[in-house]
**Student:** 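A single structure is presented below for examination.
Below, chain A is the first sequence line, B the second, and so on; all start at residue 1. Quantities reported herein were computed from a predicted structural model and do not represent experimental measurements.
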Amino acid sequence: MSEISKAYTPSEVENKWYAKWVAEGCFEGRADASKEAYSIVIPPPNVTGVLTMGHVLNNTIQDILIRRARQMGKSAIWIPGTDHAGVATQTKVEKVLRGEGTSARKLGREKFIERAKDWRDKHGGIIIEQLKKLGASCDWSRLVHTLDDDYSEAVLTAFVKLYKQGYIYRGKRMVNWCPVNLTALSDEEVIMKREAGKFYKMKYEIAEEPGKFLEICTTRPETIMGDTAVAVNPDDERYAHLIGKHCWRPFPRAKIEIIGDKYVDMSFGTGALKITPAHDPADFEIGQRHNLEIIDIMNPDATMNELAGVDFKGLNRDEARKLAVQKLKELGLLIEIQDYEHNVGYSERGDVPIEPRLSDQWFLKYPKIEEAKKAVETGLIKFWPKRWEKTYIHWLDNIRDWCISRQIWWGHRIPVWYKKGVEKIDLNNPEHVYVGVNPPKDAENWVQDEDSLDTWASSWLWPFATMGWPNEDAMDKKSLKYFYPTSDLVTGPDIIFFWVARMIMAGLEFMDGDDAQKIPFKNVYFTGIIRDMQGRKMSKSLGNSPDPLEIIAKYGADGLRFGVMNCAPQGQDILFSEERVQLGRNFCNKLWNACRFRQMSGELSDNSSIEKIASRIDVSKLDADDLAVITSAIETSKAIDKDYEEYQFNSITQRLYSFFWTDFCDWYLEVSKSRLSDESAKQTVLAVQDLCLRAFLLMLHPFMPFITEELWHSMGFGKDGDFIQNQNPHFEEELSRLGIKADAAALNTTQNLRDFVSKARALKAQYKLANKRDAKFYAAADAENAAAILQNAEKLKKLCGAASIEIKENVSDCPATLSALGTIYLDLSDSIDSEAEKKRLGKEKEKLQGLINGTNARLANQAFVSKAPAKVIEGAKAQLAQYQAKLAEIEKLLSNL
RNA sequence: GGGGGUAUAGCUCAGCUGGUUAGAGCGCUUGCAUCACACGCAAGAUGUCGUCGGUUCGAAUCCGACUACUCCCACCA
């Protein structure tokens, strides 16, 4: 056992224990049939990312759950890993290459991937080290990366299986195209932004009726060059006669048909819609219905191509829009421009408006949609908070095929090969197409598809691909049967579609057994989003995103963890500031000093078990305060059990805080001070302190793993070579067996003593005597209360700063106050300020009178008396009697003045 | 357009299934270097519980409407 320094310095302690935990294999999960399995897979962070406050919240919760599971005797594993973050990483590496005056294209695919791997290996893995700083107790021996060979095998296997079953197909479709990253995106990767734009009203001349015009509205005049029709609603009396006729597209000047289509909303705009099948999803569909020509006027980077005409060629979308408007003006075709707010889809990564684009892509028709809905609806998978179920179901109800191909190189290359030399590839002809996890045997005769898979099309397999799937040996070695399905998933609701829903479908599709065995997890805890104190999302550009590592350096990981958890109610966004962490840091310090105080109060004896500690207790020496603090610890333990079941983490921190700070330190340790000088009680008191500290360290451990481990050992609770993480946090049963039980009466007595002390101190403060250590008090109390006062006289005197507390009736000329143990009088040698005293007591009297009136009114209310439960009525009556007694006392005091 | 969420002390939030005087942390006021802790101790001040209705003997709590902020989903050009 070591000397404890005055202020807690986290960094040494944290580094020391983390290294030890890892060295001793504390975090390694092993299949153990005699134990209940508990498993979590980490939401894999971007391999080249750095730790954000979001990660801190997320991973602290996971660490709390996994540590608690270990304490509860489960065989627990937390599987860590990272994902390759296709588009994000590709973009970063390309930027580096540009700096070197080269490009991905110039390097070619092979060399580019080499460079990307180098870059990943150099900059990757930082976040893993940062998670360790936070205390994350992942099984690092099982670190997984989505581009690992065996993980890649899982990804390709899934692709092949789905392809063979017809879930995956290739097709030319309208997709979301990112003109910056030059790749297709899924619908989920498009962020809709409200944007102030313009609504342009223009007119096209009707070819068959020269001089007559059709008015059309658009937000995108730069697509005029791709128009191949104008549509009106066939029921629209204004325009029905025009259907089948033509109008003049102004540039490049051409005759285009006026068609009728029910899609057109007669009440919107002018009721006439220009149709650009190549650049708008709705227009594309209309085009399909009417066999319209498709004119793609843009290059992949969304600049105009030659089909847009010589004036436009090479212009970007903004420039093209300006030019188009100018041309309309010159031609006298522009009627007006209105301000218009509308939604524009942005590329998540590129942060530019996406361009609807027709291209050949791979799509996945989701498997097991109905089963995925059912799993959540029937409670096989539980969402916390429950309300996210609605969002989940709604998405599944409206699900559309997933565009899984990306035109980038960093990722899993699509495992499809096309026969060389075939002029027109028929996707249904096995002579033309090969799909397999491994390349075809005569690879030289085939050419592999250039695209790679969406990163989410690899991470949706995470819960089982991290456990060896699809390789039987690996699955055995990694104990998939034992650890799958995982127990809890902790993630942000922002990836409920990207990840959570898809994992559920993947589990149901690829795993064996009944649905309860196939689902990837049993509970999903959705965290809130961490924001700054103004409620803004944390972002690099705002500079409002604190660096968790700096915070850890300043306050310690335990402080950060506690601070974050303390302000993270279930499912609510979190407004974070450093002050939160100060609370946690201060709490560490308080705990540290309480243990220090314990060590200074007396030699530590054998603390190695509850039984050993309890054996030092002389039951006859236990007083109300001892029993009360033990009772409070037991109640706290029971309450947090329930909180864990409901994932109420902030409630747990609040209970722990209030038990330790208020009940244990502010009261029990203070009370102990006077009893420690009583040799006959000393050993008992110290043993009770040890019991409480032991229980508290155990309860706190999942939230503050480092300091609790340190103190667990320095207080002698643990032996060398064992760890607090394996100690059961429950102590009430064993205590009960040893004859120490929760005691409600003791709790009540202590409440009264606390009230007495607080009131006595207030009385002193009123007379500016807060520092007087030898005040004289009198107490007027009934027999029972008088006995309590006398019994606890020593500690009351110490805590009140009193030389004496005498039981005395009918005291006059003394300022007085009411307490739970009767009236307290402060003996003033100086004459008292009777005016001030009258005023003070008068105020109190008024308050009491108000309460009495209120209670009287209630009791006089026939409806109340006849309808309220008897218990409530009795309570009100007892309350009234108390108020009245107090009032009488006050009146007596007033008349004595 | 559809669906969530939030509104309680100066600030950030607890307050679950309705029942004594609505709580915590920070901040504020006053006092304190008392031998665990000033990252501390003690005593205090501060609330039309968003607005309006309803249910009830009784509402911060349940129901409805409204207002404000906020998030998600949705191809009206």
Side-chain angles (χ1 to χ4, degrees), chain A residues 4 6-8 174 192 199 216-220 231 263-265 267-276 280-285 342-343 345 356 385 387-388 390-391 394-395 398 493-494 496-497 529 533 535 555 559 563 566-567 569 571-577 579-580 582-601 642 646 648 650-651 654 657-658 662 665-666 669-670 673 757-758 761-766 768-771 773 801 847-848 850-851 854-855 858 861-869 871-873 875-876 878-880 882-883:
Chain A
I4 305 190
K6 185 166 173 178
Y8 174 59
M174 198 47 106
M192 298 309 283
F199 207 35
I216 300 165
C217 285
T218 185
T219 54
R220 300 200 63 193
Y263 170 83
V264 180
D265 182 345
S267 60
F268 191 84
T270 61
L273 172 62
K274 73 185 205 56
I275 304 299
T276 324
D280 182 278
D283 290 5
F284 175 74
E285 276 176 35
H342 62 144
N343 290 323
R387 69 182 134 85
W388 292 110
K390 228 175 177 171
T391 308
H394 181 259
W395 185 73
N398 295 283
D494 47 336
I496 190 166
F497 314 134
I529 291 167
M533 289 310 274
Y555 299 105
N566 189 236
C567 65
Q572 230 45 50
D573 284 357
I574 294 127
L575 304 192
F576 178 82
S577 81
E579 283 160 33
R580 309 268 194 203
Q582 282 171 16
L583 172 91
R585 188 265 319 255
N586 294 353
F587 194 46
C588 277
N589 199 241
K590 190 73 178 172
L591 172 59
W592 186 257
N593 276 288
C595 289
R596 223 176 116 230
F597 174 69
R598 165 63 190 89
Q599 290 202 349
M600 291 163 77
S601 303
K642 193 163 165 267
E646 293 166 1
Q648 301 279 6
N650 70 319
S651 170
Q654 279 157 25
Y657 190 94
S658 124
T662 310
C665 292
D666 287 352
L669 285 189
E670 291 307 317
K673 285 177 181 173
V757 170
S758 166
R761 283 169 173 168
L763 200 53
K764 278 168 69 183
Q766 208 94 46
K768 310 279 179 218
L769 298 175
N771 293 317
R773 313 297 309 161
K847 197 170 146 194
L848 271 173
L851 288 168
T855 315
R858 267 207 299 162
N861 183 347
Q862 269 313 307
F864 174 69
V865 178
S866 60
K867 289 189 181 170
K871 220 171 97 185
V872 173
I873 296 171
Q879 195 64 59
L880 182 64
Q882 268 185 40
Y883 292 151

**Student:** Ignoring hydrogens and angles, answer whether the base of B:rC39 and the side-chain atoms of A:Arg585 contain a donor-acceptor pair closer than 3.5 Å.
**Tutor:** yes
**Student:** Hey, is the side chain of A:Asn586 poking within less than 4.0 Å of OP1 or OP2 on B:rG40, counting only N and O atoms?
**Tutor:** yes
**Student:** Tell me which nucleotide among B:rA77, B:rC57, B:rC16 gets nearest to the side chain of A:Ala863.
**Tutor:** B:rC57
**Student:** If each of A:Arg598 and A:Thr391 is mapped to the nucleotide of RNA chain B with the nearest heavy atom, which maps nearer the 5' terminus, i.e. the 5' end?
**Tutor:** A:Arg598
**Student:** Roughly how many Å apart are B:rG5 and B:rA59, using the C1' atom of each and rounding to a whole number?
**Tutor:** 22 Å
**Student:** Between atom NZ in A:Lys673 and atom C1' in B:rA36, what is the gap in whole Å?
**Tutor:** 7 Å
**Student:** Write down the atom of A:Ile873, the atom of A:Ala868, and the distance for their closest heavy-atom approach.
**Tutor:** CD1-O, 3.5 Å
**Student:** On a whole-Å scale, what distance lies between the C1' atoms belonging to B:rC39 and B:rU51?
**Tutor:** 43 Å
**Student:** When all nucleic acid strands are considered with a 4.0 Å heavy-atom cut-off, which category describes A:Phe576: base, sugar-phosphate, or nothing?
**Tutor:** nothing
**Student:** Could you give the CD1-to-C1' distance, from A:Ile574 to B:rU70, as a whole number of Å?
**Tutor:** 15 Å
**Student:** How are the rings of A:Tyr8 and A:Trp592 set relative to one another: parallel (under 30°), tilted (30 to 60°) or perpendicular (over 60°)?
**Tutor:** tilted
**Student:** How would you label the contact of A:Val865 with the nucleic acid (heavy atoms, under 4.0 Å): base, sugar-phosphate, or nothing?
**Tutor:** nothing
**Student:** Output the single nucleotide from B:rA43, B:rA36, B:rA77 whose closest atom is nearest the side chain of A:Ser758.
**Tutor:** B:rA43
**Student:** For A:Arg387 and A:Glu579, take the nucleotide of RNA chain B holding the closest heavy atom to each; which residue's nucleotide lies nearer the 5' end?
**Tutor:** A:Arg387
**Student:** Contact class for A:Asp666 (heavy atom, under 4.0 Å): base, sugar-phosphate, or nothing?
**Tutor:** sugar-phosphate
**Student:** Regarding A:Ala594, tell me which of base, sugar-phosphate or nothing describes its non-hydrogen contacts under 4.0 Å with the strands shown.
**Tutor:** base
**Student:** Which part of the nucleic acid, if any, lies within contact of A:Cys665, taking any heavy atom under 4.0 Å across all strands shown: a base, the sugar-phosphate backbone alone, or nothing?
**Tutor:** base
**Student:** Do A:Glu670 and B:rA36 have a side chain to base donor-acceptor pair shorter than 3.5 Å?
**Tutor:** yes
**Student:** My understanding is that a pair needs two contacts under 3.5 Å, Watson-Crick or G-U wobble. By that rule, which nucleotide pairs with B:rU6?
**Tutor:** B:rA68
**Student:** Would A:Lys673 pass as a cation-pi partner of A:Phe597, given that its NZ or CZ must be under 6.0 Å from the six-membered ring centre and within 45 degrees of the axis?
**Tutor:** yes
**Student:** Between atom CZ in A:Phe497 and atom P in B:rC71, what is the gap in whole Å?
**Tutor:** 16 Å
**Student:** Side chain of A:Asn589, backbone of A:Arg585: donor and acceptor closer than 3.5 Å?
**Tutor:** no
**Student:** Can you measure from OG1 (A:Thr219) to CG (A:Asn343) and round to the nearest 0.5 angstrom?
**Tutor:** 11.0 Å
**Student:** Side-chain contact, heavy-atom cut-off 4.5 Å: A:Asp666 with A:Glu670?
**Tutor:** no
**Student:** Just how far, in rounded Å, is C1' of B:rA36 from CG of A:Asn589?
**Tutor:** 10 Å
**Student:** Nearest-Å distance, CZ (A:Phe199) to P (B:rC76)?
**Tutor:** 12 Å
**Student:** With rounding to the closest Å, how many angstrom separate the P atoms on B:rC37 and B:rA42?
**Tutor:** 14 Å
**Student:** B:rA38 P sits how many Å from A:Leu583 CG, rounded?
**Tutor:** 17 Å
**Student:** Could you check whether A:Tyr263 gets within reach of a base, just the sugar-phosphate, or nothing at all, counting any heavy atom under 4.0 Å?
**Tutor:** base
**Student:** Would you classify A:Lys764 as touching base, sugar-phosphate or nothing, given that sugar-phosphate means primed atoms plus P, OP1 and OP2, and contacts are heavy atoms under 4.0 Å?
**Tutor:** nothing
**Student:** Please report the distance, rounded to the nearest Å, between CH2 in A:Trp395 and P in B:rG2.
**Tutor:** 24 Å
**Student:** How far does the P atom of B:rC13 sit from the matching atom of B:rA65, given to the nearest Å?
**Tutor:** 26 Å
**Student:** Give the rounded distance in Å between these two atoms: CD1 of A:Ile873 and C1' of B:rG58.
**Tutor:** 12 Å
**Student:** Can you tell me how far apart NZ (A:Lys274) and CD1 (A:Ile216) are? Round to the nearest 0.5 Å.
**Tutor:** 8.5 Å
**Student:** What nucleotide, of B:rC75, B:rC16, B:rC76, holds the atom closest to the side chain of A:Ala282?
**Tutor:** B:rC75
**Student:** Could you state the interatomic distance from CG (A:Leu880) to CZ (A:Arg858), rounded to the nearest 0.5 Å?
**Tutor:** 10.0 Å
**Student:** Give one of base, sugar-phosphate or nothing for A:Gln654, where a contact means two heavy atoms less than 4.0 Å apart.
**Tutor:** sugar-phosphate
**Student:** Name the pairing partner of B:rG40, where a pair is Watson-Crick or G-U wobble with both distances under 3.5 Å, or state none.
**Tutor:** B:rC32
**Student:** For B:rC57, give its Watson-Crick or G-U wobble partner with both distances under 3.5 Å, or none.
**Tutor:** B:rG19
**Student:** Just to confirm, is there a sub-4.0 Å distance from OP1 or OP2 of B:rG4 to any side-chain nitrogen or oxygen of A:Lys390?
**Tutor:** yes
**Student:** Please give the distance between the C1' atoms of B:rU55 and B:rC11 as a whole number of Å.
**Tutor:** 35 Å
**Student:** For B:rG15 and B:rA22, measure between their C1' atoms and round to the nearest Å.
**Tutor:** 8 Å
**Student:** Consider the side chain of A:Arg596, meaning its heavy atoms from C-beta on, and name the nucleotide among B:rC76, B:rC37, B:rA43 that approaches it most closely.
**Tutor:** B:rC37
**Student:** Could you please name the option among B:rA42, B:rG25, B:rC37 that lies closest to any side-chain atom of A:Asn593?
**Tutor:** B:rC37
**Student:** Report each atom pair, protein N/O against N/O of nucleotides 28-32 of chain B, whose distance is under 3.5 angstrom.
**Tutor:**
residue	atom	partner	partner atom	Å
B:rG31	O2'	A:Asn771	ND2	3.2

**Student:** Tell me the partner of B:rG1, counting only Watson-Crick (N1-N3 plus N6-O4 or O6-N4) or G-U wobble (N1-O2 and O6-N3) with both under 3.5 Å; none if nothing fits.
**Tutor:** B:rC73
**Student:** Who does B:rG27 pair with, Watson-Crick or G-U, both distances under 3.5 Å?
**Tutor:** none
**Student:** Measuring from A:Trp395:CH2 to A:Ile496:CD1, what's the distance to the nearest 0.5 Å?
**Tutor:** 9.5 Å
**Student:** If you measure from the P atom in B:rA45 to the same atom in B:rA7, how many Å do you get, rounded?
**Tutor:** 27 Å
**Student:** Among the nucleotides B:rG19, B:rC41, B:rA77, which one has an atom lying closest to any side-chain atom of A:Lys590?
**Tutor:** B:rC41
**Student:** Using purine N1 to pyrimidine N3 plus N6-O4 or O6-N4 for Watson-Crick, or N1-O2 and O6-N3 for G-U wobble, both under 3.5 Å, which nucleotide pairs with B:rU46?
**Tutor:** none
**Student:** Nearest 0.5 Å please: distance from the NZ atom of A:Lys867 over to the CD atom of A:Gln862.
**Tutor:** 11.5 Å
**Student:** OG/A:Ser601 to CZ/A:Arg596 distance, rounded to the nearest 0.5 angstrom?
**Tutor:** 11.0 Å
**Student:** Give me the distance, rounded to whole Å, that separates B:rG31 from B:rA24 when you measure between the P atoms they each carry.
**Tutor:** 23 Å
